Trainee: 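Below are the structure tokens for one structure; questions will follow.
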Amino acid sequence: MKKEWIALATASLLLPCVAQADAAADMQALADKNGCFACHGMQSKVVGPGFAEVAAKYKGDGQAAERLGRKIRDGGKGVWGPVPMPSHGNLGEADARKLAEWVLSAG
Ligand code: HEC
């Protein structure tokens with residue numbers, strides 16, 4: 001009886017982790033589909049900054065998700081260097097925002 005209870009408790013602890021990993025995999029697929037990895041590594045710079053570097057830069061900035069969501073859609077330059085990021089106008093606002101939040105949770 002006790003053993004079963006422990007198994008149940010363990011399973012309920014693990015489940016949210018599995019769901020979170022699933023969500024992260026979905027976001028990775030969305031980023032992949034939109035060509036983000038042509039210019040960004042998860043950790044280090046390719047053409048644009050590594051997503052972990054972005055997350056570190058904006059840590060504690062409550063406005064960052066909204067600002068970066070807009071920048072992902074509109075494009076922009078001057079924060080990380082002279083190379084601009086092209087706009088991704090084909091991305092919906094909600095997806096751009098989700099990608100921004102995901103980038104901010106990287107690292
Ligand atoms: C053609 C190359 C290219 C592609 C494709 C690209 N980026 Fe970027 N990205 C850049 C560059 C270059 C910068 C640095 C811009 C700057 O210095 O302001 C950047 C910056 C960023 C930043 C930080 C912005 C800031 O103001 O700090 C985020 C977040 C970001 N990109 C996310 C994405 C996402 C998500 C995608 C896919 C939808 C994407 N990028 C696709 C080149 C690219």
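Keep in mind that what you see is a predicted model, and the values were worked out from it rather than measured. The basis for the numbers below is simple: all heavy atoms, side chains too, and nothing from hydrogens, waters or symmetry mates.
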Trainee: For a 4.5 angstrom cut-off between non-hydrogen side-chain atoms, does H40 reach V54?
Mentor: no
Trainee: Within 45° of the axis and under 6.0 Å from the centre of the six-membered ring of W80, does NZ or CZ of K45 qualify?
Mentor: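 K45 over W80 ring: no.
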Trainee: Regarding E101 and R97, does a basic nitrogen lie under 4.0 Å from an acidic carboxylate oxygen?
Mentor: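 A salt bridge links E101 with R97.
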Trainee: Rounded at 0.5 Å granularity, tell me how far CG in D61 sits from CD in E66.
Mentor: 11.0 Å
Trainee: Look at the side chain of N34 and the backbone N and O of C36, then say whether any donor-acceptor pair between them is shorter than 3.5 Å.
Mentor: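 No, because the side chain of N34 does not come within donor-acceptor range (under 3.5 Å) of the backbone of C36.
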Trainee: Can you give me the closest heavy-atom contact between G69 and A100, atom names plus distance?
Mentor: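 Shortest heavy-atom contact: N-CB, 3.5 Å.
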Trainee: Quick one: pull up CE in M42 and CZ in F51 and give me the separation to the nearest 0.5 Å.
Mentor: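 If I round to the nearest 0.5 Å, the distance is 7.0 Å.
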Trainee: Between CG of D32 and CE of M27, what distance do you get to the nearest 0.5 Å?
Mentor: 12.0 Å
Trainee: Go through the steps to decide whether E93 and R73 satisfy the test side chain to side chain contact (heavy atoms under 4.5 Å, CB included), and finish with yes or no.
Mentor: CA-CA 8 Å; E93 236 167 83; R73 286 196 76 199; 3.3 Å; yes
Trainee: Rounded to the nearest 0.5 Å, how far apart are CG of L68 and CG of L104?
Mentor: 5.5 Å
Trainee: Report whether V46 and V83 are members of the same hydrophobic cluster (ILVMFWY, side-chain heavy atoms less than 4.5 Å apart, transitive linking).
Mentor: yes
Trainee: Do other residues, nucleotides or ligands put more than 12 heavy atoms under 6.0 Å from the NZ atom of K57?
Mentor: yes
Trainee: Locate the shortest heavy-atom distance separating A52 from Q43; write the atom from each residue and the value.
Mentor: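 Answer, listing the atom of A52 first, then Q43: CB-OE1, 3.5 Å.
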Trainee: How many angstroms lie between OG in S44 and CD in E53, if you round to the nearest 0.5 Å?
Mentor: 7.0 Å
Trainee: Measuring from L99:CG to L91:CG, what's the distance to the nearest 0.5 Å?
Mentor: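 Separation between the atoms: 6.0 Å.
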Trainee: What are the two closest heavy atoms between W102 and A31, and how far apart are they?
Mentor: CZ3-CB, 3.6 Å
